[in-house]
Structure formats: structure tokens, C-alpha cells
Amino acid sequence: MARWRDRVAASDPGLLRLAAGLRTVAAISLTLAVLSLLGADVQHLVAGAIAAMVATFAIREKQRPRQALTLALGLPTALASVSVAALLGTRQVAGDVFFVVLIFCAVYGRRFGDRGTTLGLIGFQVYFLALFVGVTTDDLAGFCGVIAVAFACSATARFLLVPQTPTAVLERLRQAFRARLAQLLDAQLELLDAGPEDVEKALEHTREGTARLHETAMMIQGRLEEGTSDEAVARLVQRRIADAEITAERLGLLLLTARSAERADTLTMHLPGAPLPEGGELPVRDEALDVLRRDLTALGLLVRQPAADGTGMAQVRNRLLGYRDEENLPAASPDVQDVFRGLGEATRAVLGLRIALDGPQDESEDSPEAARSREELDAEDAAIAAEEEEPTETGLRRPTTRAAVQVAVGSSLAMVGGELLSAHRWYWAVLTCWIVFLNTASTGEILVKGSRRLLGTVLGVVAGILLAGIAGHHTWTAFTVVLLCVFAMFYTAPLSYTLSSFFVTAALGVLYTLLHTYSLSVLVLRIEETAIGAACGVAAAALVLPVHTDRRTNELLTTVLDRLADVTSAAVGQLSGEPPAELLDLARDLDEALADLRAATQPLTHPVSPLRTRRDTAQYVVALLETCAYHARSLAATAELLPTHPSIAADPRLRGAGQRILHNIGAIAARVAGEPATAEVVTGPSVASLLKPGGIGTPRYGRVTDRVLRHLQRLDEAVLGLARPLGVPLTRPLGVPVTGPQSPV
């Protein structure tokens with residue numbers, strides 16, 4: 001049962017998708033129940049179901065008081081929208097003009113935050129609802145009553161039936177992090193045991209587990225402020241989550257290195273399809289490897305259990321923490337011993353995570369190593385307890401204004417094209433044009449989203465034909481099918497836009513049956529209107545104030561490089577003896593910028609993209625940036641330990657090791673941004689050479705300093721790797737320029 005719960009928690013972090021689906025279904029069900037008791041006909045039932053769905057999914061705020069206020073403001077907005085739609089129903093030109101103005105205002109409202117976005121969405125969707133069910137001035141009062149009931153039922157579902165507080169969401173996200181961390185350890189154990197035929201599959205599972213763990217960590221970071229009342233507690237949890245993520249990823253890299261003849265490149269963990277390092281296989285029978293397998297399994301048990309109850313688990317924890325001391329390492333090759341060291345550090349991170357999430361633990365069974373780890377964690381906690389705004393664009397350059405103009409033009413085109421196809425169903429084209437602009441920022445993103453919606457619609461029409469035949473004209477059977485489709489739509493929306501479009505189209509086929517307007521020609525018309533709407537959206541995005549994918553990705557790439565430079569500079573500076581900086585906040589900004597870039601490159605990395613070379617280049621650049629981010633986060637995490645960790649001391653010579661990296665990041669960022677810059681990427685002596693006699697490690701400064709230098713070396717290599725695919729000139733120490741291929745993202 002615990003494993004099953006872990007799978008559920010890991011597949012849906014925070015149960016956010018499940019809660020969204022259940023809340024929407026509860027709101028619709030309650031609305032239908034109330035309206036049926038009031039004797040409403042099918043037309044009003046359909047209107048109530050759609051209004052309840054809109055009132056539920058449109059709310060974006062996380063705090064309950066703000067949700068309640070936005071919902072209260074949404075009701076008069078909805079009533080005004082349906083009233084205008086009814087009044088202009090017989091005035092086609094005036095109605096079309098108002099619809100376009102409404103669309104512009106709804107998109108422009110995004111600049112006012114979540115509440116502006118919500119009110120704009122409600123206004124548009126309710127106007128669409130009025131067109132769908134055919135509201136007239138004669139029955140306006142009845143539909144206004146239906147909308148009021150729907151909003152009341154939505155509030156009941158949100159605050160009483162399926163309540164969701166920021167604190168509860170954060171707690172479930174923590175559970176999901178634990179579950180995904182345990183799953184990553186399982187994948188790493190699979191990687192350790194995999195034979196030659198299965199090692200690629202095991203490596204892919206480890207990649208997926210690492211990416212999913214990072215995704216959950218980012219979700220937690222985004223909800224810490226609302227989910228914790230104490231800022232110090234939020235920073236502590238943020239730090240412990242980051243520690244656990246970094247040590248888990250490092251453990252995977254050490255395992256990969258242990259089963260290879262050469263040190264594994266961090267890029268292997270971030271680039272899909274990257275080859276394994278050259279090397280042989282681990283021996284099947286080896287005492288140290290048997291101990292390693294046992295201890296990896298034990299670490300997974302420690303992660304899964306909310307508290308390490310019992311003497312047995314305390315002894316397991318103590319044994320794993322003991323690997324942080326050299327004298328406790330088993331007799332094995334240096335690479336395998338590194339894995340045991342990684343196990344010890346990962347166990348310490350799990351101990352810190354447990355203390356941060358579950359509070360103080362029983363210390364009666366602590367070994368000296370466990371007690372030392374607790375002292376280090378307590379010192380860090382005490383240290384944790386004891387941005388300059390960027391210029392914004394104005395006018396038509398502001399993203400919200402540009403998007404509002406684009407969607408207004410696209411909707412006007414869709415309205416004309418849709419009316420040429422059907423004088424009664426033209427609004428489907430406008431709806432599609434509106435939707436493809438939601439949460440997109442470039443022409444390429446709109447093209448991908450439009451194609452996915454069209455594919456989902458085509459498949460949904462086929463399903464709608466089948467479901468309409470099954471449901472027939474049995475009202476409650478049909479509504480049950482609609483509720484199942486609505487739940488599936490919200491549950492799958494974050495995973496696949498195609499699936500979400502499929503389920504909503506299937507539900508519409510059943511709703512047409514209830515409204516006695518179902519026919520095969522209507523569903524085919526739905527496909528045609530969707531195609532026109534998607535095409536008009538893409539045309540407007542490409543011709544009106546266009547933001548090309550190249551420009552969008554270059555802007556985001558520049559932002560990522562700037563954030564990378566900020567984290568690296570602050571971390572190296574602190575490790576060199578400079579005053580502490582807000583490293584965790586800087587690292588989170590880097591992760592958020594990288595997530596935006598990853599989303600923006602989807603048009604380039606889409607499987608159907610005909611530009612194969614460009615697709616491979618984009619994947620390679622993003623993977624290199626993820627590698628850079630990992631090493632920068634690791635440097636930041638180590639720098640945070642500096643004031644309290646007895647094994648780490650500031651060394652001014654580290655500043656010189658980081659200066660070339662920062663110079664190269666700046667040179668690449670300037671070239672990508674198109675600035676008139678003559679700076680070139682400079683190569684030089686390996687940072688790792690500082691480990692040789694005469695450098696920082698004379699004869700061996702310490703394991704932690706070695707790790708810092710290795711992170712700097714890997715970061716240096718990854719930054720140099722970025723220069724070639726981005727077409728930035730390289731200069732060797734002798735001054736001979738070397739230029740990479742001109743294939744920017």
C-alpha cells in the first residue's frame with residue numbers, strides 16, 4: 001500500500017491534477033443537482049454545467065481569501081457578459097465587433113496578474129457560452145439565475161467539498177518529493193545491476209527520475225511562500241530540498257562512473273540518447289558491490305519512511321552516515337569508494353530533509369557520525385535563520401499588449417472564416433484562435449499548440465460519435481459521460497494538450513446530443529472550424545507584431561546565461577571569502593529561466609520538426625545548460641555550507657579559477673543577444689590542473705575542495721561546449737581563433 005501511495009504521489013505531485021479534476025466535477029455535479037431540483041430544462045442544465053466548469057478552472061490564485069474575492073468579482077463579470085451577448089444576439093455586426101473588443105480586453109487583462117487573467121477568461125468563456133446555448137433577451141433572466149447557481153456551487157466545491165489550502169498542497173508536494181527521490185534511487189540501483197543489454201534502458205530511467213525529481217523541487221519552490229507562515233522555515237525547506245536533489249543526482253553520476261572506465265560526463269544525465277561512457281562492466285560478484293546494493297536499498301527505505309523509527313533503522317542510518325569518514329569506506333576501487341562517499345552525503349541530505357519536514361528526531365541511537373551530522377545541520381539551520389528590477393517593455397512591445405493585438409486580429413480573421421463555413425457555429429474558430437494564444441509567446445509555440453489541438457479534435461470527434469451513440473438521449477447517462485470526460489480533460493491537461501482537446505471534443509459531442517443538435521456534419525464542422533481557428537491564430541502571430549521562435553529562444557537563452565553568471569559569480573565569490581549572498585534565490589531564478597527556455601524550444605525539438613540538425617542543436621544546447629545549472633547549483637550549495645562546515649574553508653585562489661568561466665559566459669550571452677561585442681570565448685589550462693602539486697590541492701586540500709574544483713572544471717567544459725553550437729569564436733592560449741559552426745538555437 002505504501003508503494004502504491006508513493007506511485008500516486010509521484011505521478012501527480014501534490015495531487016494537483018486530481019484535485020483540479022475532482023473539484024470541477026464536484027462543481028458541475030452540484031450545479032446539475034440544484035438545477036434539476038429547480039426543474040430546469042436541458043438547455044439550462046448544459047449552460048449551468050459549462051458555467052460551473054468556467055467558474056472553477058478560471059481561478060488562479062493560491063490563497064483562499066484571494067480566490068473568494070476573485071470568484072465574487074467573476075459573477076458580475078459573467079452576468080454582464082451574458083447580458084451583452086443576449087442584447088447583441090440579433091445584431092450580428094455589433095455582436096462581432098464587441099466579441100473582438102472583449103477578446104482584446106481579456107488578453108490585455110493578463111498584465112494585471114492572476115485576477116485580471118481570471119476575469120478576462122470568465123468574460124470570454126461566458127460570452128461563448130451564450131452563443132453556444134443561444135441565449136436571447138427573452139430567457140436572459142433564467143440564464144442569469146443559472147450562472148448565479150453555478151458560481152455558488154463552484155464556491156461550495158472549492159471551499160467545502162474539495163478544499164485545497166497552500167499548506168496542504170505543500171505537504172503533498174513534500175510527499176511527492178520523497179516518493180520521486182525513492183524512485184530515483186530505485187532507478188540508480190537498476191543502473192548498478194543492469195547488464196550490457198539493459199544498461200541503456202536503465203540509464204534512461206535514471207535520466208527520467210532525475211528530471212522528475214527536479215520538476216517536483218521546482219514546484220515546491222514555487223509554493224513555499226504561500227505554504228509556510230515563517231520565512232526562515234521556508235528557506236530551510238528550500239535548502240534541504242536543494243541538498244537532497246543535488247546529492248541524489250551526484251550519486252547517479254558516481255554510479256555511472258563506477259561502471260565505466262572513465263569519469264562520466266554530467267551531460268550524459270541531461271541529454272536524451274547520449275551514449276554511455278566508454279568502459280567495461282562491473283564484476284557480478286564482488287563483496288563491496290554487494291554491500292553497495294544493500295545500502296542503496298536501505299537508503300531508499302530511509303527516504304520512504306516518514307520517520308526512522310526503531311533501533312534497526314537508526315543503525316542503518318548510522319552505517320550510511322559513516323561513509324562520510326574515510327576509515328569506514330569498504331575496500332574497493334577508488335570509483336566505487338566514491339559511490340560510498342556519495343551514499344554518505346545523500347544520507348546526510350535525507351537526514352536534513354527529514355528534520356526540516358518532520359521536526360526534531362529521536363537522537364538516542366545516534367552514532368558519533370550521526371551526532372556530527374546533526375551538529376552540522378543545526379549550525380546551518382541557525383545560519384539560515386540569522387533584486388534589482390529589470391526594465392519592462394512598454395506600448396506594443398509589452399507582451400500582454402502584443403498578445404492582445406495578435407489575438408484580436410486572429411479572432412477577427414477566424415470570425416470571418418468561421419462564418420463563411422457556418423453562420424451558427426463560427427464561434428468554434430474564434431475559440432480555437434483564443435486558446436492557441438493562451439500560455440504561448442512565439443509563433444512556433446502557437447503552431448505546435450494549434451496542431452495539437454487539431455489532432456485532439458479529430459480524434460475527439462471519432463470518440464464523440466461513439467459516445468453520442470451510447471448515451472443517446474438519456475439525459476443523466478449523457479451527463480455522466482460528460483463528467484467523466486471533464487475529469488479526464490483536467491487530469492491530463494498538464495501532461496498532454498492533445499489528450500485534453502480529445503476529451504473536451506468528446507464531451508461536446510454528447511452535449512450536442514442533449515441539445516438535439518447532434519449530427520455527423522456538426523462534428524465534422526467542428527474539425528473544420530478548429531482548423532480555421534488554428535490557421536488564423538498562426539497567421540496573426542506570424543504577421544502581426546511577430547515574436548519569432550529564434551528571437552524568443554535567444555532572449556530566454558540570454559536570460560539563462562545571465563542567471564548562470566549570477567549564481568556562479570556569487571558562489572565562487574563566497575567560496576573565495578567574499579560576504580554571503582542570496583545563493584538559493586539566485587539558483588531558483590536560474591532554474592525558472594531554464595524551464596522557460598525548455599518550454600520555448602519545444603517547436604524546435606518537436607518530433608515532426610523537419611529541421612533535424614536544428615532540432616539536435618537545440619536539444620544539445622538545452623542539455624548543456626542543464627549541466628551548467630547542475631554544477632552551478634552544486635557550487636551554490638557548497639558555498640552555503642561555508643560558514644558552518646568544518647571541512648570547508650574559503651580560498652581566494654578559487655576566484656581566479658572562476659574568472660575565465662564568467663568571462664566566457666558573458667561573451668556567449670553578448671553574442672546571442674546580438675550586442676556589438678568583440679569578446680571571444682577563451683580556453684586555457686584545465687581547472688582540474690589546480691589539483692596537481694603546486695595548485696590548491698597540495699598535497700590534498702580536502703575532498704570538499706576537490707569537489708568544488710571538479711564542479712568548476714565541469715562547468716568550464718560545458719560553457720566551452722556551448723560556444724561551438726552557438727557560433728561563438730574560441731581563442732586558444734596562443735591566440736589562434738577557432739570558430740564553431742553557425743547553427744544558433
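Not measured: the values here are computed from a predicted model.
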| So, the side chain of Ser411 versus the backbone of Val430: is there a donor-acceptor pair under 3.5 Å, distance only? | no

| said: Salt bridge check, Lys201 against Glu204: does any charged N sit closer than 4.0 Å to a carboxylate O? | reply: no

| Under the 3.5 angstrom rule, does the side chain of Gln67 hit a backbone N or O of Arg60 as a donor-acceptor pair? | no

| query | Less than 6.0 Å separating the ring centroids of Phe99 and Phe124? | reply | yes

| query | Taking only residues two or more places apart in sequence or in another chain, which ones pass side chain to side chain donor-acceptor pair (under 3.5 Å) with Ser521? | reply | Ser519

| task | Test Ser81 against Leu102 for side chain to side chain contact (heavy atoms under 4.5 Å, CB included), laying out the working first. | result | CA-CA 9 Å; Ser81 183; Leu102 175 63; 4.2 Å; yes

| task | Taking Ser422 for its side chain and Glu419 for its backbone only, find out whether a donor-acceptor pair lies under 3.5 Å. | result | no

| request: Without swapping roles, check the side chain of Ser496 against the backbone of Leu499 for a donor-acceptor pair under 3.5 Å. | output: yes

| request: Check whether any side-chain heavy atom of Arg172 lies under 4.5 Å from a side-chain heavy atom of Phe177, and answer yes or no. | output: no

| query | Taking atom CZ of Arg64 as the centre, does the number of heavy atoms from other residues, nucleotides or ligands within less than 6.0 Å exceed 12? | reply | yes

| query | Going by heavy atoms in the side chains, are Val54 and Leu129 under 4.5 Å from each other? | reply | no

| said: If I take atom CG from residue Asp96 and atom CE from residue Met415, how far apart are they, to the nearest 0.5 angstrom? | reply: 4.5 Å

| query | With no hydrogens and no angle check, do the side chains of Thr117 and Asp114 hold a donor and an acceptor under 3.5 Å apart? | reply | no

| Under 3.5 Å, side chain of Asp596 to main-chain N/O of Ala593, donor-acceptor pair present? | no

| message | Keeping Ser36 on the side-chain end and Ala33 on the backbone end, is there a donor-acceptor pair under 3.5 Å? | response | yes

| request: Assess Arg17 against Tyr491: is NZ or CZ under 6.0 Å from the centre of the six-membered ring, and within 45 degrees of the ring's axis? | output: yes

| query | Measuring from Leu484:CG to Met489:CE, what's the distance to the nearest 0.5 Å? | reply | 12.5 Å

| From Asp41 atom CG to Leu35 atom CG, the distance as rounded to the nearest 0.5 Å | 10.0 Å

| Given side chains that start at C-beta, do those of Pro163 and Arg158 come closer than 4.5 Å, heavy atoms only? | no

| request: Could you tell me whether the side chain of Trp426 reaches within less than 4.5 Å of the side chain of Ile532, counting heavy atoms only? | output: no

Output side-chain donor-acceptor pairs under 3.5 Å for residues 209-216, partner residues at least two apart or in another chain, one line each.
residue : atom : partner : partner atom : Å
Thr210  : OG1  : Thr206  : O            : 2.8
Arg212  : NH2  : Ala10   : O            : 3.4
His214  : ND1  : Glu245  : OE2          : 2.5
Glu215  : OE1  : Arg180  : NH1          : 3.0
Thr216  : OG1  : Arg180  : NH1          : 3.0
Thr216  : OG1  : Arg212  : O            : 3.0

| query | Quick check: does any side chain N or O of Asp139 sit under 3.5 Å from a backbone N or O of Gly142, one acting as donor and the other as acceptor? | reply | no

| query | Take atom CZ in Arg115; do more than 12 heavy atoms of anything else shown fall under 6.0 Å from it? | reply | yes

| If you round to the nearest 0.5 Å, how far is CG of Leu454 from CD of Glu528? | 11.0 Å

| query | Under the 3.5 angstrom rule, does the side chain of Lys449 hit a backbone N or O of Ile435 as a donor-acceptor pair? | reply | yes

| said: Set out, in order, the CA-CA distance, both residues' side-chain angles and the distance that settles side chain to side chain contact (heavy atoms under 4.5 Å, CB included) for Phe503 and Val486, then state yes or no. | reply: CA-CA 7 Å; Phe503 285 115; Val486 167; over 6 Å; no

| field | Pair Thr56, Ser154: side-chain N/O donor-acceptor within cut-off below 3.5 Å | value | yes

| With ring centroids as reference points, do Phe98 and Tyr127 lie under 6.0 angstrom apart? | yes

| In this structure, which one of Thr457, Leu131, Ile527, Leu508 forms a side-chain contact (heavy atoms from CB on, under 4.5 Å) with Trp428? | Leu508

| Between the side chains of Thr70 and Glu61, is a donor N or O closer than 3.5 angstrom to an acceptor N or O? | yes

| Looking at the rings of Tyr427 and Trp434, which for Trp means the six-membered one, are their centres under 6.0 Å apart? | no

| request: Decide yes or no for Phe479 and Val46: does some side-chain heavy atom of the first lie under 4.5 Å from some side-chain heavy atom of the second? | output: yes

| Taking Thr77 for the side chain and Leu73 for the main chain, is one N or O donor matched with an acceptor at less than 3.5 Å? | yes

| query | So do Leu75 and Leu71 actually touch side chain to side chain, heavy atoms under 4.5 Å? | reply | no

| Side-chain H-bond candidate by donor/acceptor type, Arg453 with Thr530, under 3.5 Å | no

| said: Is the shortest side-chain heavy-atom distance between Phe143 and Gln43 below 4.5 Å? | reply: yes

